[in-house]
Amino acid sequence: MTTTLIDLRAAVRDDGEVRVTLAGELDFHTAWQVEARLSALASSGHRSLVLDLSGISFCDSAGIDLFLRVHHRCQSAGTGLRLIDVPPLLAKSMRALGADRVLRLAAA
């Protein structure tokens, strides 16, 4: 059995924005690996949280659900959330599930 990995790198900018780059497969098996870190960043008092998804090679509904939970945590904390460089297939899945009506998808 192989272990699927997801990589998360965060950088805090001077303007109060935290940019998080995710790379790998975001699915039922890996969403939990990044949930605690993203939730902590969402409620850490920063002005905005930007998730760069350009490195995501696969994302199922568990990953999209994770983004929705992070969105709600950001809303509660008064932190803005943007998802940037969303791969086309992931954007299509978000539209099909209606997540694009809640999540803010933006260009880099």
Side-chain angles (χ1 to χ4, degrees):
M1 184 169 146
T2 60
T3 302
T4 307
L5 299 176
I6 184 88
D7 184 48
L8 180 151
R9 297 178 192 268
V12 179
R13 294 176 23 159
D14 290 338
D15 63 358
E17 176 181 281
V18 178
R19 185 168 293 232
V20 176
T21 304
L22 293 170
E25 296 183 6
L26 188 57
D27 59 17
F28 175 78
H29 300 288
T30 60
W32 67 270
Q33 293 176 3
V34 296
E35 183 166 10
R37 183 79 190 275
L38 290 178
S39 293
L41 288 169
S43 57
S44 64
H46 294 287
R47 181 179 59 80
S48 65
L49 178 61
V50 177
L51 302 182
D52 179 339
L53 304 181
S54 61
I56 295 292
S57 58
F58 174 81
C59 182
D60 67 8
S61 60
I64 294 171
D65 187 53
L66 168 65
F67 297 140
L68 291 168
R69 287 193 306 275
V70 170
H71 165 76
H72 292 297
R73 174 131 358 214
C74 282
Q75 253 187 337
S76 296
T79 302
L81 175 67
R82 284 186 302 139
L83 281 61
I84 64 169
D85 289 339
V86 180
L89 188 55
L90 177 52
K92 182 177 180 180
S93 296
M94 287 181 176
R95 283 191 301 275
L97 293 172
D100 65 324
R101 287 182 254 144
V102 176
L103 299 170
R104 185 171 162 209
L105 310 180

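Of the inter-residue distances, the one linking Phe28 atom CZ with Asp60 atom CG reads 9.0 Å to the nearest 0.5 angstrom. For the atom pair NE2 (His29) and CD (Gln33), the distance works out to 10.5 Å, reported to the nearest 0.5 Å. With values rounded to the nearest 0.5 angstrom, Gln75 atom CD is found 12.5 Å from Arg73 atom CZ. Note that the CG atom of Leu81 and the NE2 atom of His71 stand 7.5 Å from one another [nearest 0.5 Å]. Ser48 contributes atom OG, which lies 8.5 Å from atom CZ of Arg104 (distance to the nearest 0.5 angstrom). Here the straight-line distance linking atom CD1 of Ile56 with atom CG of Asp7 works out to 9.5 Å at 0.5 Å rounding.
Transitive grouping of hydrophobic side chains (ILVMFWY, heavy atoms separated by less than 4.5 Å) brings Val102 and Val86 into a common cluster. Under the 4.5 Å side-chain heavy-atom criterion for grouping Ile, Leu, Val, Met, Phe, Trp and Tyr, Leu51 is not connected to Trp32 through any hydrophobic cluster.
Taking every heavy atom of both residues into account, Ala42 and Thr79 meet most closely at O-OG1, 3.1 Å. Taking each heavy atom of Ile64 and Cys59 in turn, the nearest pair found is N-SG, 3.9 Å. Taking each heavy atom of Glu25 and Thr30 in turn, the nearest pair found is O-OG1, 2.6 Å. Across Ser43 and Ser39, no two heavy atoms sit closer than the pair OG-O, 3.0 Å. Minimum heavy-atom separation, Ala10 to Val18: CB-CG1, 4.4 Å.
Under the 4.5 Å side-chain criterion, counting only non-hydrogen atoms from C-beta, Ile84 is not in contact with Leu105.
Heavy atoms from other residues, nucleotides or ligands lying under 6.0 Å from CZ of Arg47 number more than 12. Surrounding CG of Leu89 are at most 12 heavy atoms belonging to other residues, nucleotides or ligands under 6.0 Å away.
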(Q) One pair to check against side-chain contact (heavy atoms from CB on, under 4.5 Å): Leu49 and Val70. What are the steps and the verdict? (A) CA-CA 10 Å; Leu49 178 61; Val70 170; 4.0 Å; yes
Q: Give the intermediate values and the outcome of side-chain contact (heavy atoms from CB on, under 4.5 Å) for residues Met94 and Leu103.
A: CA-CA 9 Å; Met94 287 181 176; Leu103 299 170; 4.3 Å; yes
Q: Please step through side-chain contact (heavy atoms from CB on, under 4.5 Å) for the pair Asp65 and Ser61, ending with a clear verdict.
A: CA-CA 6 Å; Asp65 187 53; Ser61 60; 6.0 Å; no
Q.
Go through it in stages, so that I can follow the logic: the residues are Leu26 and Phe58, the test is side-chain contact (heavy atoms from CB on, under 4.5 Å), and I'd like the CA-CA distance, side-chain angles, deciding distance and then a yes or no.
A. CA-CA 6 Å; Leu26 188 57; Phe58 174 81; over 6 Å; no
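Using a 4.0 Å cut-off between a side-chain N of Lys or Arg and a carboxylate O of Asp or Glu, Arg37 and Glu35 do not qualify as a salt bridge.
For the pair Ser44 (side chain) and Leu41 (backbone), a donor-acceptor distance under 3.5 Å is present.
Just one of Leu22, Asp85, Thr21 meets the side-chain contact (heavy atoms from CB on, under 4.5 Å) condition when paired with Leu53; it is Leu22.
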